[in-house]
Amino acid sequence: RISTLFFIVVCTLIVLFFVIIIFSTNNKFQSLQKEKDIIYDSFKNSTLLLRIIDVQKDEIKRVKNSIEREENIPLDDGFAQESFARFARENVCDEDRNLFRQNTDLSLLDKKVGDKKPYSFDFRVREINVNEVKLVWRRGVFTPIAFDNNEQVKTVIFTLQDINKQKGFE
């Protein structure tokens with residue numbers, strides 16, 4: 001009789017233990033999902049474009065159009081350096097063009113993301129509305145996501161963010 005009672009108590013404790021684990025895991029999962037949604041929403045609100053760049057092959061590709069704003073930004077699939085050069089010519093203001101070119105030179109990217117952390121830079125672009133050209137602030141961010149066997153950056157994600165409101169408060 002005691003062994004049966006002991007068995008029932010042990011089984012009950014085991015079931016209770018698993019219920020607690022499942023409940024806490026579910027709460028952690030919901031918390032992580034909520035955090036991810038908040039980060040994604042803030043990212044989505046400021047991101048103008050998102051591209052993946054194979055640095056070693058000089059290739060640039062679209063990632064997800066769903067988080068991009070509908071703007072005519074000429075960073076199309078193809079050769080990354082050509083795309084950045086065209087973007088600099090057509091969009092970046094004259095005063096910031098050299099800064100943009102220096103910061104988007106993929107041959108120097110290893111030095112800039114050597115600590116494997118994102119690298120960002122701010123610049124101004126010309127925004128053309130009906131008969132009006134104004135300068136607005138943008139931030140380019142290179143986030144390394146893959147390295148080769150020699151620890152050289154292989155792949156990065158490039159995002160272009162709208163920071164005009166943020167710069168207005170500085």
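Residue numbers run from 1 in the order of the sequence given.
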Minimum-distance pair of heavy atoms, taken over all atoms of R124 and L135: NH1-CD1, 4.0 Å

Straight-line distance of N91 CG to R86 CZ, nearest 0.5 Å: 10.0 Å

Full working for side chain to side chain contact (heavy atoms under 4.5 Å, CB included) between V156 and V55: CA-CA 7 Å; V156 295; V55 176; 4.1 Å; yes

R101 vs R89, side chain to side chain contact (heavy atoms under 4.5 Å, CB included): CA-CA, chis, key distance, verdict: CA-CA 10 Å; R101 287 183 179 142; R89 262 191 327 272; 4.2 Å; yes

Main-chain N/O of A80 paired with R51 side-chain donor or acceptor, under 3.5 Å: no

Listed partners of K117 passing side chain to side chain contact (heavy atoms under 4.5 Å, CB included), at least two apart: D115

D54 and K154 ion-paired at < 4.0 Å: no

Parallel, tilted or perpendicular: rings of F158 and F142 (30°, 60°): tilted

F100 and F87 aromatic ring geometry - parallel, tilted or perpendicular at 30°/60° bounds: tilted

Residues V92, F84; criterion side chain to side chain contact (heavy atoms under 4.5 Å, CB included); working and verdict: CA-CA 10 Å; V92 178; F84 282 126; over 6 Å; no

Which atom of E90 lies closest to which atom of R126, heavy atoms considered: O-NH2, 3.1 Å

I157 side, atom CD1; I145 side, atom CD1 - distance, nearest 0.5 Å: 4.0 Å

OG1 on T155 to CG on D148, rounded to 0.5 Å: 9.5 Å

Heavy-atom donor-acceptor pair, D110 side chain to Q152 backbone, under 3.5 Å: no

Reported CH2-to-CD1 distance for the pair W137 and I163, which is rounded to 0.5 angstrom: 7.0 Å

Where P118 and V141 come nearest, the two heavy atoms and their spacing: CB-CG1, 4.1 Å

Evaluation steps, side chain to side chain contact (heavy atoms under 4.5 Å, CB included), between I53 and E59: CA-CA 6 Å; I53 300 173; E59 292 177 346; over 6 Å; no

Within-4.5 Å side-chain heavy-atom neighbours: F121 and T104: yes

K116 and E151 ion-paired at < 4.0 Å: yes

Nearest-0.5 Å distance, CG of residue L106 to NZ of residue K57: 14.5 Å

Test item: R138 side-chain N/O and D162 main-chain N/O as donor-acceptor pair under 3.5 Å: no

Residues D122, R139: salt bridge by 4.0 Å N-O rule: yes

